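Because only heavy atoms are used, hydrogens play no part in the values below, and waters and symmetry mates are left out as well, while side chains stay in. Each chain gets a letter, A, B and so on, in the order its sequence line appears, and its residues count up from 1. All values derive from a computational prediction rather than experimental measurement.
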Amino acid sequence: MPTLKRGKASSSSSSSSRVLVPMETDSEESPFSSSSSSEGEEEEEEEGEGGRVSDDEDEGNGEEAVEDRAKKRKAPITISLKKVCKVCKGTGHEAGFRGATYIDCPRKPCFLCKRPGHTTMFCPHRVATEHGVIPAPRRNTDTSLDYIFKRQLKAKIPMIKPTFVIPGQLDCGVIRFHSRRVTCLEFHPTRNNVLLSGDKKGQLGIWDYAKLHEKTVYGSIHSCIVNNMKFNLENDGVLYTSSSDGTARCTDLETGTSFFLLDLNPEGWNGPATWRMLYGMDINVEKGLLLVADNFGYLYLVDGRLKTRIGGPILIHKKGSKVVGLHCNPVQPDVLLSCGNDHFARIWDARRLEAESSLASLAHGRVVNAAYFSPLTGNKILSTAQDNRIRVWDSIFGNLESPSREIVHSHDFNRHLTPFRAEWDPKDPSESLAVIGRYISENYDGVALHPIDFIDVSTGKLVAEVMNTDITTISPVTKLHPRDDVLASGSSRSLFIWKPKGDKCPEQQLLERKSMNIFGRVERKSCGKLDGESDDDSDFSFKDKKRKAKNFDGKYLSGRKKAKP
DNA sequence: AAAGTATGGAACC
DNA sequence: TGGTTCCCCTACTT
């Protein structure tokens with residue numbers, strides 16, 4: 001019985017690091033019976049002594065577990081040599097990492113798809129080439145409105161879906177100036193190499209990743225979590241932010257001076273029952289309107305020019321529950337999308353906003369971390385929920401009782417991590433490519449890594465996995481550049497910039513990539529040493545890295561190229 | 001080097 | 001309904 005079924009990810013390639021590649025051709029026939037699956041077993045044999053790790057549910061039953069637990073609570077401290085599972089507290093097995101492979105607790109349902117009957121390691125969604133696609137139970141029904149809408153949009157939608165092109169290797173630049181975890185990222189809309197970042201402490205970072213040491217940190221704009229950043233497209237020297245300190249602010253990026261457009265806690269701190277935090281934010285460009293929402297379910301409208309509130313708060317999600325995200329439709333800004341902790345995403349007509357007046361409610365299995373209209377036509381919605389599913393909802397005029405696609409993907413909630421959000425690639429004309437970090441790790445040649453996944457949401461295919469053997473942390477925050485083939489990621493307190501190896505690419509390639517901008521591989525060398533960084537201010541530039549890179553063995557991730565049909 | 005900690009959501013009563 | 005307890009792949013610092 002193979003321990004690791006994921007042939008492609010775990011098969012023994014000789015290179016030190018692993019690549020990830022589109023999983024198209026290999027294992028097409030039978031994803032569940034991968035033949036190259038022996039090394040996991042070896043590992044198990046080595047350590048298989050003490051507790052029978054080989055589980056199979058034959059361990060104690062539930063009652064025993066309960067008893068055990070009760071004993072443990074009451075009993076005086078005794079030293080037991082028995083192995084105790086830290087997940088279920090049961091004995092006879094142990095969950096946790098063994099080397100770079102995570103051994104599941106056999107008594108818990110799958111950590112990936114959450115369904116009983118198997119553990120994470122054997123989850124069909126973990127090995128399937130289509131990354132856990134669940135087609136909709138039925139197609140959305142077309143209404144006449146739908147028809148008209150589609151006709152309008154038809155011209156904008158390319159007839160032929162471009163092929164994904166995978167650049168060979170990626171350079172990866174790192175900087176660390178945040179002292180708390182990164183919570184949001186945004187590329188500057190016009191200055192090509194500038195990345196903005198917000199953190200849990202309220203700091204705002206500006207990093208010119210093309211230049212050496214070109215970074216700025218504004219520490220006094222917000223006093224806690226920066227939840228959203230948005231540029232004013234009419235004046236890109238100005239950035240809007242919303243924060244858990246309850247303010248929405250407008251900041252001049254050159255000077256760092258900022259003023260608030262909204263302050264929900266003018267009285268200061270009077271306990272958590274009254275403290276309001278702002279989570280969602282977007283700008284209705286046509287109307288010069290700033291929309292923000294709080295942790296009690298309310299939406300606020302602010303006139304960006306007059307800096308005054310318009311109307312009172314409007315309840316758009318369950319009272320007392322957090323509204324997590326807001327997004328104005330790119331084609332029709334008056335169509336507003338919200339999502340929240342009440343497990344719903346909702347569509348609204350911003351011209352006629354009042355409680356209970358949503359045009360549609362999109363039900364999710366758990367808290368919805370994010371929901372975005374597709375960037376060009378606004379015709380699709382991509383949502384990320386904490387039930388480990390990415391959902392795609394077709395046509396905002398269709399029947400939205402159920403999503404048109406569900407993709408099982410590991411992006412669990414963890415209180416220590418910034419919530420994961422799947423985001424559209426703004427450059428993909430077919431509006432099918434999404435990027436999102438992955439929670440559970442995979443054993444890549446002995447290193448547990450958490451890749452950043454590129455998923456074709458129209459098929460559910462995992463198109464590329466971006467990783468680097470030196471980056472062992474999870475990357476919950478990801479952002480694709482609006483024009484360039486550049487990916488930014490935030491992992492804990494560090495920021496990463498990934499771009500195709502070298503800057504000089506043949507023109508042709510550039511053109512090709514323009515359509516897809518997928519990164520399939522990661523190069524090891526350019527990431528420099530991460531562990532040895534001093535805590536405070538150490539930072540790297542690409543130049544630094546190239547120098548340091550010489551100390552590395554020069555091994556790059558290598559792997560199979562995606563076979564083109 | 002093991003222990004401590006920050007800290008959100010939901011299950012549970 | 002609300003307070004309490006628990007928590008499965010964290011990323012640090014002490």
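The nucleotide whose nearest atom lies closest to any side-chain atom of A:K89 is, among C:dC12, C:dC7, C:dC9, C:dC7. Here the nucleotide nearest the side chain of A:V367, chosen from C:dC9, C:dC8, B:dA10, is B:dA10. Taking only side-chain atoms of A:K322, from C-beta outward, the nucleotide of C:dC9, C:dA11, B:dG8 with the closest atom is B:dG8. Here the side chain of A:I474 is nearest to one of C:dT10, C:dC7, C:dT13, namely C:dT10. Relative to the side chain of A:P109, the nucleotides B:dG8, C:dA11, C:dC8 differ in distance, and C:dC8 lies closest. You'll find that the side chain of A:Q386 is closest to B:dG9, out of C:dC9, B:dG9, C:dC7. Distance from the side chain of A:K200 is smallest for B:dT7 among the nucleotides C:dC8, B:dT7, B:dG9. With C:dC8, B:dA10, C:dC9 as the candidates, the nucleotide lying closest to the side chain of A:R366 is B:dA10.
Counting non-hydrogen atoms under 4.0 angstrom, A:T473 reaches the backbone sugars and phosphates but no base. Contact annotation for A:F97: base contact, defined as any heavy-atom pair under 4.0 Å involving a base atom.
The distance from atom CG of A:N414 to atom P of B:dG8 is 11 Å, rounded to the nearest whole Å. Rounded to a whole Å, the CG atom of A:D199 is 14 Å from the C1' atom of B:dA6. If you measure from atom NZ of A:K108 to atom P of C:dC9, you get 11 Å, rounded to the nearest angstrom. In this structure, A:F111 places its CZ atom 5 Å from C1' of C:dC8, rounding to the nearest Å. The interatomic distance linking A:F413 (CZ) with C:dT10 (C1') rounds to 12 Å, in whole Å. Rounded to a whole Å, the CG atom of A:D387 is 14 Å from the C1' atom of B:dA10. Atom P of nucleotide B:dA6 and atom CG of A:L417 are separated by 16 Å, given to the nearest angstrom. Between the NE2 atom of A:H178 and the P atom of C:dT10 there is a distance of 23 Å, given to the nearest Å.
For a distance-only test at 3.5 Å, the side chain of A:H416 fails to qualify as a donor-acceptor partner of the base of C:dA11. Applying the 3.5 Å distance criterion, the base of C:dC12 shares no donor-acceptor pair with the side chain of A:S492.
Under the 3.5 Å distance criterion, the side-chain polar atoms of A:D282 are left unmatched by any main-chain donor or acceptor of A:L291.
With C1' as the reference atom, C:dC12 and B:dG9 are 22 Å apart, rounded to whole Å.
Taking the six-membered ring where tryptophan is involved, the planes of A:W269 and A:W275 are tilted, since the angle between them lies from 30° to 60°. Below 30°, between 30° and 60°, or above 60°: for A:F420 and A:H411 the angle between ring planes is between 30° and 60°, a tilted geometry.
Heavy atoms from other residues, nucleotides or ligands lying under 6.0 Å from NZ of A:K114 number more than 12.
Here the two rings, on A:H364 and A:W393, have centers that are under 6.0 Å apart.
For B:dG9, one of the phosphate oxygens OP1 or OP2 lies less than 4.0 angstrom from a side-chain nitrogen or oxygen of A:N341. OP1 or OP2 of B:dA10 has at least one side-chain nitrogen or oxygen of A:H343 nearer than 4.0 Å. Considering only side-chain N and O atoms, A:R176 lies under 4.0 angstrom from the phosphate OP1 or OP2 of C:dC12. Phosphate contact (OP1/OP2 of C:dC9, side-chain N/O of A:K86, threshold under 4.0 Å): absent.
In the model, A:S244 has a side-chain atom that pairs as donor or acceptor with a side-chain atom of A:N227 under 3.5 Å.
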